[in-house]
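If you read the sequence from its start, that first residue is 1, and numbering goes on from there. These numbers were taken from a predicted model, which means no experiment stands behind them.
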Amino acid sequence: MSRASNQRGPTLAKRSKSATTASTAPRRATLPSAVWIPAALAIALLVLPLAALFIRVNWAQVPSTLTSPEALNALGLSLLTATIATALCVVLGVPLALAIARAPGPLATVLRALTTLPLVLPPLVGGLALLSLLGRGGVLGDAFEVLGIRIPFTTAAVVLAQTFVAMPFLVIAVEGALRGVDSGYERVAEGLGARPWTVLRRITLPLLAPSLVAGTILCFTRALGEFGATALFAGNAEGTTRTMPLAIYTAFNGAGVTQDTALTLSLLLVLVAVLALLSIRTRPTGIVS
């Protein structure tokens, strides 16, 4: 009898805890019915063009299209450069996010504005800015030319353009999460004699792990779809700078690849973005022991 009672005990405790959580959860206000009408129109505006893309794709030719040399070159180059750009975003963006979160108010505001500037600038302006810095006759371009380093219209230019437009996604995600994290853990660790690097490695970064993962995924998808800055700063040379977005643009201008290839590559970009966004999960933070 006592054994059955013991088995029921944890179950009853779990049910009681669930009921308590449900009863204490804040109740959201009911939306007016009229709100759902524009919401439905917004969903239609976002979904219908993508549905039309799926309808237009010649599914019978997708395998042959994906295995064509032009598509494989564009796909391989896009994956390579987006991966390298994402790694650069992590290496440079995480310290920047930490610096913004720890900087004094006015300095943090300036740094945050400079970081988010590429989000609001047209990508072509970003490409022109990179060209003005590193191109022939640019601020640093001639100095690099003397050293025998040429960046514009190379694969390295693709990586730089992708990094320029994608890094703000990571910085915003990490810096926003850092401002919302309880700093009590870090203060306790410092009070116990932990060094700054130890606090960063064992406390701060584990707390930021979910936001860091989400920001990294967003960086990769943004880099994969970058077009404007890449076109102006890196050009459109097949096998060197022609990424998937540039291959799509080339197809609809009647050169290089067919429109079936363009539609298939567009479909691939959409699928990669959807899979990446679905992989983002909001998980509770924890500290590495």
Side chains of [X] and [Y]: closer than 4.5 Å at any heavy-atom pair?
X: Thr240; Y: Leu77; result: no
X: Leu218; Y: Leu170; result: no
X: Leu269; Y: Ile248; result: yes
X: Met244; Y: Leu224; result: yes
X: Leu41; Y: Leu45; result: no
X: Leu66; Y: Leu268; result: yes

Considering all heavy atoms, the nearest [X]-[Y] contact:
X: Ala103; Y: Leu111; answer: CB-CD1, 4.5 Å
X: Val171; Y: Gly93; answer: CG2-O, 3.7 Å
X: Leu263; Y: Val57; answer: O-CG2, 4.0 Å
X: Gly127; Y: Leu232; answer: C-CD2, 3.9 Å
X: Thr241; Y: Thr155; answer: CG2-N, 4.2 Å
X: Ala247; Y: Ala74; answer: CB-CB, 3.8 Å

field: Heavy-atom donor-acceptor pair, Glu226 side chain to Gly228 backbone, under 3.5 Å
entry: yes
Same apolar cluster: [X] and [Y], side chain cutoff 4.5 Å:
X: Leu79; Y: Leu267; result: yes
X: Trp197; Y: Leu178; result: yes
X: Val272; Y: Leu275; result: no
X: Phe169; Y: Leu88; result: no
X: Leu96; Y: Leu205; result: no

What residue pairs, at least two apart or across chains, pass side chain to side chain donor-acceptor pair (under 3.5 Å) with a residue in [range]?
range: residues 109-136; answer: Arg112-Glu175
range: residues 138-152; answer: none
range: residues 76-98; answer: Thr81-Gln162

Starting at [atom1] of [X], measure out to [atom2] of [Y] and round the result to the nearest 0.5 Å.
X: Leu265; Y: Thr243; atom1: CG; atom2: OG1; result: 10.0 Å
X: Ser266; Y: Leu50; atom1: OG; atom2: CG; result: 10.5 Å
X: Leu53; Y: Thr264; atom1: CG; atom2: OG1; result: 9.0 Å
X: Leu160; Y: Leu134; atom1: CG; atom2: CG; result: 6.5 Å
X: Thr163; Y: Ile84; atom1: OG1; atom2: CD1; result: 9.0 Å

- prompt: Should we count CH2 of Trp36 as having more than 12 external heavy atoms under 6.0 Å?
  reply: no
- line: So ring-ring contact (aromatic ring centres under 6.0 Å, His included) across residues 205-238, not counting sequence neighbours, yields Phe227-Tyr249
Passing candidate, side-chain hydrogen bond (donor to acceptor under 3.5 Å, both in side chains) with Arg242, options Asn236, Thr230, Asn73: Asn236
task: May I have the step-by-step check of side chain to side chain contact (heavy atoms under 4.5 Å, CB included) for Val120 and Leu117, ending in yes or no?
output: CA-CA 6 Å; Val120 298; Leu117 192 58; 4.0 Å; yes
- prompt: With sequence neighbours excluded, what pairs up with Phe144 under the ring-ring contact (aromatic ring centres under 6.0 Å, His included) test?
  reply: none
query: Residues in side-chain hydrogen bond (donor to acceptor under 3.5 Å, both in side chains) with Thr204, at least two apart?
result: Glu186
